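See structure below.
Naming convention: chains lettered A, B, ... in sequence-line order (proteins, then strands); numbering from 1 in each chain. None of these values were measured; they are calculated from a predicted model.
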Amino acid sequence: MNKEIALQKLKTLEGQDLRKLAEKYNITVFKEGKTNKGWAGQTVERAIGLPLNSSQCPNAGSWELKLVSLKKKVDGTLVPKETMQITMINEKDVLERPFESSHLLSKLRSLVICGRIFVSKNEPESILYKVGTFDLKGELYKIVKTDYEDVRNAIRTRGFKSLTGHMGELVQPRTKGPGHGSISRAFYARKGFVAIILDIGT
DNA sequence: CTATGATCATCC
DNA sequence: GGATGATCATAG
(Lines give C-alpha, C1' and ligand atoms only; values in the text may rest on other atoms or scores of the structure.)
Protein backbone atom coordinates (compact mmCIF):
# COMPACT_ATOMS: atom_id res chain seq x y z
CA MET A 1 0.00 0.00 0.00
CA ASN A 2 1.34 3.43 -0.77
CA LYS A 3 1.07 6.55 1.26
CA GLU A 4 -1.61 8.22 -0.82
CA ILE A 5 -3.97 5.27 -0.64
CA ALA A 6 -3.47 4.98 3.08
CA LEU A 7 -4.10 8.66 3.52
CA GLN A 8 -7.37 8.40 1.67
CA LYS A 9 -8.48 5.52 3.82
CA LEU A 10 -7.51 7.37 6.93
CA LYS A 11 -9.55 10.34 5.81
CA THR A 12 -12.62 8.18 5.72
CA LEU A 13 -11.95 7.31 9.32
CA GLU A 14 -11.87 10.90 10.50
CA GLY A 15 -14.62 11.66 12.96
CA GLN A 16 -15.20 8.02 13.82
CA ASP A 17 -15.05 6.50 17.26
CA LEU A 18 -11.97 4.32 17.49
CA ARG A 19 -13.43 2.38 20.38
CA LYS A 20 -16.11 0.99 18.13
CA LEU A 21 -13.58 0.14 15.47
CA ALA A 22 -11.44 -1.60 18.03
CA GLU A 23 -14.32 -3.89 18.86
CA LYS A 24 -15.04 -4.51 15.24
CA TYR A 25 -11.45 -5.59 14.61
CA ASN A 26 -11.13 -7.48 17.87
CA ILE A 27 -8.40 -5.30 19.31
CA THR A 28 -7.87 -5.71 23.02
CA VAL A 29 -8.29 -2.39 24.78
CA PHE A 30 -8.46 -3.59 28.35
CA LYS A 31 -7.49 -6.82 29.92
CA GLU A 32 -7.83 -7.55 33.60
CA GLY A 33 -8.09 -3.87 34.31
CA LYS A 34 -4.96 -3.03 32.39
CA THR A 35 -4.77 -1.04 29.24
CA ASN A 36 -3.32 -2.18 25.98
CA LYS A 37 -1.44 1.04 25.36
CA GLY A 38 -1.13 0.34 21.70
CA TRP A 39 -4.79 -0.31 21.02
CA ALA A 40 -5.48 2.93 19.20
CA GLY A 41 -2.57 2.52 16.84
CA GLN A 42 -3.32 -1.12 16.21
CA THR A 43 -6.94 -0.36 15.53
CA VAL A 44 -6.07 2.18 12.88
CA GLU A 45 -3.56 -0.13 11.27
CA ARG A 46 -6.12 -2.88 11.07
CA ALA A 47 -8.80 -0.54 9.85
CA ILE A 48 -6.83 0.47 6.80
CA GLY A 49 -5.49 -3.00 6.22
CA LEU A 50 -1.91 -2.67 7.37
CA PRO A 51 -0.15 -5.67 8.88
CA LEU A 52 0.76 -5.50 12.53
CA ASN A 53 4.41 -6.23 12.85
CA SER A 54 7.32 -5.29 15.02
CA SER A 55 9.92 -4.42 12.45
CA GLN A 56 11.78 -1.19 12.82
CA CYS A 57 11.32 -0.67 9.11
CA PRO A 58 8.35 1.39 8.10
CA ASN A 59 5.55 -1.13 8.09
CA ALA A 60 4.06 -0.21 4.78
CA GLY A 61 7.11 0.49 2.68
CA SER A 62 8.30 4.04 2.81
CA TRP A 63 6.18 5.74 5.35
CA GLU A 64 5.15 5.49 8.96
CA LEU A 65 1.82 5.60 10.69
CA LYS A 66 1.69 7.29 14.06
CA LEU A 67 -1.14 8.13 16.34
CA VAL A 68 -1.11 10.60 19.17
CA SER A 69 -3.73 11.43 21.75
CA LEU A 70 -5.00 14.95 22.12
CA LYS A 71 -6.79 16.52 25.02
CA LYS A 72 -9.15 19.42 25.02
CA LYS A 73 -8.42 22.41 27.16
CA VAL A 74 -11.21 24.38 28.80
CA ASP A 75 -11.14 26.96 26.03
CA GLY A 76 -11.63 24.24 23.47
CA THR A 77 -8.06 24.15 22.18
CA LEU A 78 -6.65 20.74 21.43
CA VAL A 79 -3.16 20.04 22.66
CA PRO A 80 -0.98 16.93 22.60
CA LYS A 81 -1.63 14.97 25.76
CA GLU A 82 1.73 13.31 25.80
CA THR A 83 5.01 13.06 24.03
CA MET A 84 5.09 10.78 21.04
CA GLN A 85 7.41 7.85 20.62
CA ILE A 86 9.15 8.01 17.26
CA THR A 87 11.55 5.11 16.92
CA MET A 88 13.87 2.89 18.85
CA ILE A 89 17.42 3.92 19.53
CA ASN A 90 20.01 1.41 18.52
CA GLU A 91 23.27 2.33 20.17
CA LYS A 92 25.51 1.12 17.40
CA ASP A 93 23.31 2.56 14.74
CA VAL A 94 23.30 6.00 16.28
CA LEU A 95 27.04 6.02 16.77
CA GLU A 96 27.78 5.00 13.23
CA ARG A 97 25.26 7.02 11.35
CA PRO A 98 25.16 10.74 10.83
CA PHE A 99 21.79 12.35 11.32
CA GLU A 100 21.25 12.38 7.57
CA SER A 101 20.95 8.61 7.38
CA SER A 102 19.43 7.94 10.77
CA HIS A 103 16.22 6.11 11.43
CA LEU A 104 15.07 9.16 13.26
CA LEU A 105 15.23 11.33 10.18
CA SER A 106 13.74 8.81 7.81
CA LYS A 107 10.80 8.29 10.15
CA LEU A 108 10.22 11.96 10.66
CA ARG A 109 10.30 12.69 6.96
CA SER A 110 7.67 10.14 6.08
CA LEU A 111 5.23 10.48 8.91
CA VAL A 112 1.52 10.01 8.51
CA ILE A 113 0.19 11.25 11.78
CA CYS A 114 -3.25 10.93 13.30
CA GLY A 115 -4.64 12.75 16.28
CA ARG A 116 -7.33 11.14 18.41
CA ILE A 117 -9.27 12.81 21.16
CA PHE A 118 -8.50 11.45 24.55
CA VAL A 119 -11.45 11.47 26.91
CA SER A 120 -10.22 9.63 29.97
CA LYS A 121 -8.08 6.67 30.71
CA ASN A 122 -11.16 4.51 30.65
CA GLU A 123 -11.42 5.31 26.96
CA PRO A 124 -15.24 5.52 26.87
CA GLU A 125 -14.87 6.73 23.32
CA SER A 126 -12.16 8.19 21.18
CA ILE A 127 -12.74 10.18 18.06
CA LEU A 128 -10.16 10.25 15.31
CA TYR A 129 -9.73 13.98 15.04
CA LYS A 130 -7.45 14.48 12.11
CA VAL A 131 -4.82 12.91 9.94
CA GLY A 132 -1.91 14.65 8.38
CA THR A 133 1.57 14.30 7.02
CA PHE A 134 4.79 15.92 8.01
CA ASP A 135 8.08 16.78 6.44
CA LEU A 136 11.03 17.82 8.52
CA LYS A 137 12.63 20.91 7.11
CA GLY A 138 14.10 24.33 7.72
CA GLU A 139 14.62 25.44 11.26
CA LEU A 140 13.08 22.31 12.71
CA TYR A 141 15.52 20.13 10.83
CA LYS A 142 18.45 21.93 12.38
CA ILE A 143 17.14 21.63 15.89
CA VAL A 144 16.34 17.95 15.59
CA LYS A 145 19.76 17.35 14.14
CA THR A 146 21.33 19.10 17.10
CA ASP A 147 19.35 16.93 19.47
CA TYR A 148 20.49 13.85 17.64
CA GLU A 149 24.12 14.92 17.78
CA ASP A 150 23.78 15.52 21.51
CA VAL A 151 22.56 12.01 21.99
CA ARG A 152 25.46 10.61 20.01
CA ASN A 153 27.84 12.62 22.07
CA ALA A 154 26.35 11.45 25.31
CA ILE A 155 26.61 7.83 24.23
CA ARG A 156 30.23 8.33 23.26
CA THR A 157 31.30 10.08 26.40
CA ARG A 158 29.02 8.69 29.07
CA GLY A 159 27.63 5.52 27.58
CA PHE A 160 24.28 4.37 26.29
CA LYS A 161 22.84 3.95 29.75
CA SER A 162 23.46 7.58 30.61
CA LEU A 163 20.78 8.74 28.21
CA THR A 164 17.92 10.43 30.01
CA GLY A 165 14.69 12.07 29.06
CA HIS A 166 15.74 15.55 30.02
CA MET A 167 18.01 15.75 27.03
CA GLY A 168 16.91 17.17 23.74
CA GLU A 169 14.87 20.15 22.72
CA LEU A 170 12.43 18.67 20.23
CA VAL A 171 13.29 15.01 20.48
CA GLN A 172 14.45 13.22 23.59
CA PRO A 173 15.86 9.79 24.36
CA ARG A 174 13.69 7.89 26.81
CA THR A 175 13.47 4.42 28.23
CA LYS A 176 10.96 2.31 26.42
CA GLY A 177 10.46 -1.37 26.25
CA PRO A 178 8.54 -4.34 27.58
CA GLY A 179 9.49 -3.29 31.09
CA HIS A 180 10.55 -5.67 33.83
CA GLY A 181 14.16 -4.72 33.68
CA SER A 182 14.64 -5.04 29.97
CA ILE A 183 15.79 -1.59 29.06
CA SER A 184 15.87 -0.18 25.60
CA ARG A 185 15.50 3.38 24.51
CA ALA A 186 13.60 5.31 21.93
CA PHE A 187 13.37 8.81 20.56
CA TYR A 188 10.33 10.76 21.63
CA ALA A 189 8.94 13.96 20.23
CA ARG A 190 8.26 16.54 22.90
CA LYS A 191 4.78 17.99 23.08
CA GLY A 192 5.63 21.23 21.39
CA PHE A 193 7.06 19.31 18.51
CA VAL A 194 4.01 17.07 18.32
CA ALA A 195 1.82 20.15 18.07
CA ILE A 196 3.89 21.37 15.14
CA ILE A 197 3.75 18.02 13.40
CA LEU A 198 0.00 17.79 13.79
CA ASP A 199 -0.37 21.42 12.93
CA ILE A 200 -2.54 22.38 15.85
CA GLY A 201 -2.45 25.14 18.39
CA THR A 202 0.52 26.75 16.66
C1' DC B 1 12.82 -12.57 24.54
C1' DT B 2 12.54 -8.16 22.18
C1' DA B 3 10.61 -5.59 18.52
C1' DT B 4 6.29 -2.65 17.68
C1' DG B 5 2.14 -0.17 18.90
C1' DA B 6 1.95 4.13 22.81
C1' DT B 7 0.25 5.53 27.54
C1' DC B 8 0.56 5.09 32.75
C1' DA B 9 2.62 6.27 37.29
C1' DT B 10 5.54 8.85 39.82
C1' DC B 11 8.56 12.53 40.94
C1' DC B 12 9.78 17.27 40.87
C1' DG C 1 0.96 20.46 35.91
C1' DG C 2 4.67 18.84 33.23
C1' DA C 3 8.43 15.90 32.45
C1' DT C 4 10.85 11.45 33.19
C1' DG C 5 11.14 6.67 33.61
C1' DA C 6 8.42 2.33 33.62
C1' DT C 7 5.12 -0.61 31.78
C1' DC C 8 1.15 -3.36 28.95
C1' DA C 9 -0.75 -6.25 24.78
C1' DT C 10 0.53 -8.42 20.58
C1' DA C 11 3.47 -10.48 16.97
C1' DG C 12 7.57 -12.99 15.27
* Can you sort out which residues in residues 143-158 of chain A have a heavy atom within less than 4.0 Å of DNA chain C? Ascending by number, please. => none
* Structure fact -> For residues 134-149 of chain A, the salt bridge (charged side-chain N to carboxylate O under 4.0 Å, His left out) pairs (sequence neighbours left out) are Glu100(A)-Lys145(A), Arg109(A)-Asp135(A), Glu139(A)-Lys142(A), Glu149(A)-Arg152(A)
* Presence of Arg190(A) side-chain N/O under 4.0 Å of dT4(C) phosphate oxygens OP1/OP2 -> yes
* Asked: Rounded to the Å, how far apart are Lys176(A) NZ and dG5(C) C1'?
  -> 13 Å
* Asked: Which residues within residues 67-75 of chain A lie with some heavy atom under 4.0 Å of an atom in DNA chain B?
  -> Leu67(A), Ser69(A)
If you restrict it to nitrogen or oxygen atoms, what contacts under 3.5 Å exist between nucleotides 10-12 of chain B and the protein, and what is each distance?
none

* Heavy-atom contacts under 4.0 Å between residues 18-41 of chain A and DNA chain B, which residues? -> Asn36(A), Lys37(A), Gly38(A), Gly41(A)
* Structure fact -> Here the distance between atom P of dT4(C) and atom CD of Glu82(A), to the nearest Å, is 12 Å
* Asked: Ignoring hydrogens and angles, does a donor from either the side chain of Tyr188(A) or the base of dA6(B) sit under 3.5 Å from an acceptor on the other?
  -> yes
* Could you note down all residue pairs passing salt bridge (charged side-chain N to carboxylate O under 4.0 Å, His left out) where residues 71-85 of chain A supplies at least one of them, sequence neighbours left out? => none
* Below 4.0 angstrom from OP1 or OP2 of dT4(C), is there any side-chain N or O of Gln172(A)? -> yes
* Asked: Whole-Å distance between dT7(B) C1' and Gln42(A) CD?
  -> 12 Å
* Is the shortest side-chain N/O distance from Arg185(A) to OP1 or OP2 of dT4(C) below 4.0 Å? -> no
* Would you say a side-chain N or O of Gln85(A) is under 4.0 Å from OP1 or OP2 of dG5(B)? -> yes
